[in-house]
Amino acid sequence: MARLLSLSPLNQRRWRNFKANRRAYWSLWIFIVLYGVSLSAEFIANDRPMLVKYNGEYYTPAFNFYPEIAFGGDLRTEADYSTVEVQCLIVAAGSLDCWDDPQGIMAEAQTSGTAAGQPVEAGWLLWPPIRYSYNTIVNTGGVAPGPPSAQNWLGTDDTSRDVAARVIYGFRLSVSFALLVTVMTSVIGIVAGAIQGYFGGLTDLIFQRIIELWGSVPTLYVIIIVTAVWSKSFWLMVSLMVIFGWTGLVGVVRAEFLRARNFEYVRAARALGVSDWHIMFRHVLPNAMVATLTFMPFIITGTIGALATLDYLGFGLPSSAPSLGQLSRQAQANLQAPHLAFTAFFTFAVMLSLLVFVFEGVRDAFDPRKTFR
């Protein structure tokens, strides 16, 4: 309530209008919860424990590298916490008998506090709810893709990776990618459209010819060529999507600025000596926000769909990345495993629906002609 009172009267009215749209309001909260959960994916799905207590000291394997010798083992490589031998070393304080009978030594250390006749301070491992990361190979007895089970809630894909873990990481990747690309393309498109519409004349003519030439470039072919030359990466895909996607808002913003450039308040501001940039972004741009926000749902959902399409075709992110498009391709290639298709469909349906509902509420909140009770 205090935060609402600190807003300007205009923003208070916008917030009340958005909150009155119950579908958008609750979609926003559901999306915040889901995205917040995905942002903490390392605490939910990980093949390394969150916290380990060993010999009275605490370790955080989820965020730090610890060799096996740190827990009484022989190797200097990172400890494989999923093996019963390493778990025994931690629980039984590095007892060498863990290599012979790890299950028995663990049970003895936990119940009596001794291992091989020696008193020990029993250690423990704090695991996340899902003991697999998005790239962890799950032992399913040679069956891949595996059906849902108590071990793998949504089953495994055709490379024996846990689908639930990949969905959580993939949701975070897709939404973060879409939000980042949308913000960057919107900034460039709004600035370009504002310059065109406000100044007009030769500036508008030159920009229009550039946009026409740029729009005729075959985007998919360029992305295929670029990904063949350079290795696939998240930031490479972001750069390509921004380079070819910034023209989406130019036409809308240009039309609004062309309409408002000769309004009386703009002429009055010019007569008072107000700078052009101040007039453009302080006075004219707020009036163009309704039309701009109308296109936001299409941009952000289109970006998610474009990334999924490129991943489905094999020209997007690396194959090791938790891609929802790659999950869709696996569902198409493994019709005998319907859990892959259902998981991909419902993930996309929930994610895109929530985003569309939220941006519809934002659009209506910025529209001065709409007032909700």
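All of these numbers come straight from a predicted model, not from anything done at the bench.
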Show me the donor-acceptor pairs within less than 3.5 Å that the side chains of residues 264-274 make with the rest of the protein, sequence neighbours left out.
from: Tyr265; atom 1: OH; to: Asn287; atom 2: ND2; distance (Å): 2.7
from: Arg267; atom 1: NE; to: Asn262; atom 2: O; distance (Å): 3.4
from: Arg270; atom 1: NE; to: Tyr198; atom 2: OH; distance (Å): 3.1

To the closest 0.5 Å, what do you measure between [atom1] ([X]) and [atom2] ([Y])?
| X | Y | atom1 | atom2 | value |
| --- | --- | --- | --- | --- |
| Ile299 | Ile304 | CD1 | CD1 | 12.5 Å |
| Trp230 | Leu240 | CH2 | CG | 9.0 Å |
| Asp47 | Tyr81 | CG | OH | 10.5 Å |
| Phe295 | Ser186 | CZ | OG | 12.0 Å |
| Ile300 | Thr182 | CD1 | OG1 | 4.5 Å |
| Ile195 | Asp204 | CD1 | CG | 11.5 Å |

[X] vs [Y] side-chain heavy atoms within contact, under 4.5 Å:
| X | Y | value |
| --- | --- | --- |
| Phe43 | Pro129 | no |
| Gln196 | Val253 | no |
| Lys232 | Met237 | no |

Would Phe31 and Phe357 count as a ring-ring contact (aromatic ring centres under 6.0 Å, His included) here? Give the steps.
CA-CA 10 Å; Phe31 179 79; Phe357 292 155; over 10 Å; no

Taking the six-membered ring for Trp, are the ring centroids of Phe298 and Phe359 within less than 6.0 Å of each other?
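No, ring centres 6.0 Å or more apart.
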
Short N-O contact, [X] and [Y], less than 4.0 angstrom:
| X | Y | value |
| --- | --- | --- |
| Asp311 | Arg329 | no |
| Glu256 | Arg261 | no |
| Glu42 | Arg48 | no |

Quick one: does any side-chain atom of [X] pair with a main-chain N or O of [Y] as donor and acceptor, under 3.5 Å?
| X | Y | answer |
| --- | --- | --- |
| Asp162 | Ala165 | yes |
| Ser40 | Val37 | yes |
| Asp157 | Thr159 | yes |
| Ser133 | Thr136 | no |
| Tyr169 | Ala45 | yes |
| Ser174 | Phe171 | no |
| Ser353 | Val350 | no |
| Thr60 | Ala62 | no |
| Ser38 | Tyr35 | yes |
| Trp214 | Ile243 | yes |

On the ring face of Tyr134, is Arg166 found with NZ or CZ under 6.0 Å from the centre and within 45° of the axis?
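Output no; distance or angle outside limits.
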
Check [X] against [Y] and note the closest heavy-atom contact, atom names and distance.
| X | Y | result |
| --- | --- | --- |
| Arg161 | Asn135 | CD-CA, 4.1 Å |
| Ile211 | Val250 | CD1-CG1, 3.3 Å |
| Trp127 | Ser82 | CH2-N, 4.2 Å |
| Pro128 | Asn46 | CG-O, 3.5 Å |

Would you indicate whether [X], at its atom [atom1], is surrounded by more than 12 heavy atoms from other residues, nucleotides or ligands within a distance under 6.0 Å?
| X | atom1 | value |
| --- | --- | --- |
| Arg76 | CZ | no |
| Met184 | CE | no |
| Phe65 | CZ | yes |
| Phe342 | CZ | no |

Give me the ring orientation class for Tyr25 and Trp29: parallel if the planes are under 30° apart, tilted from 30 to 60°, perpendicular past 60°.
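Ring orientation of Tyr25 relative to Trp29: perpendicular.
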
Answer with yes or no whether the hydrophobic clustering places Leu258 together with Ile206; edges join I, L, V, M, F, W, Y residues whose side-chain heavy atoms lie under 4.5 Å apart.
no

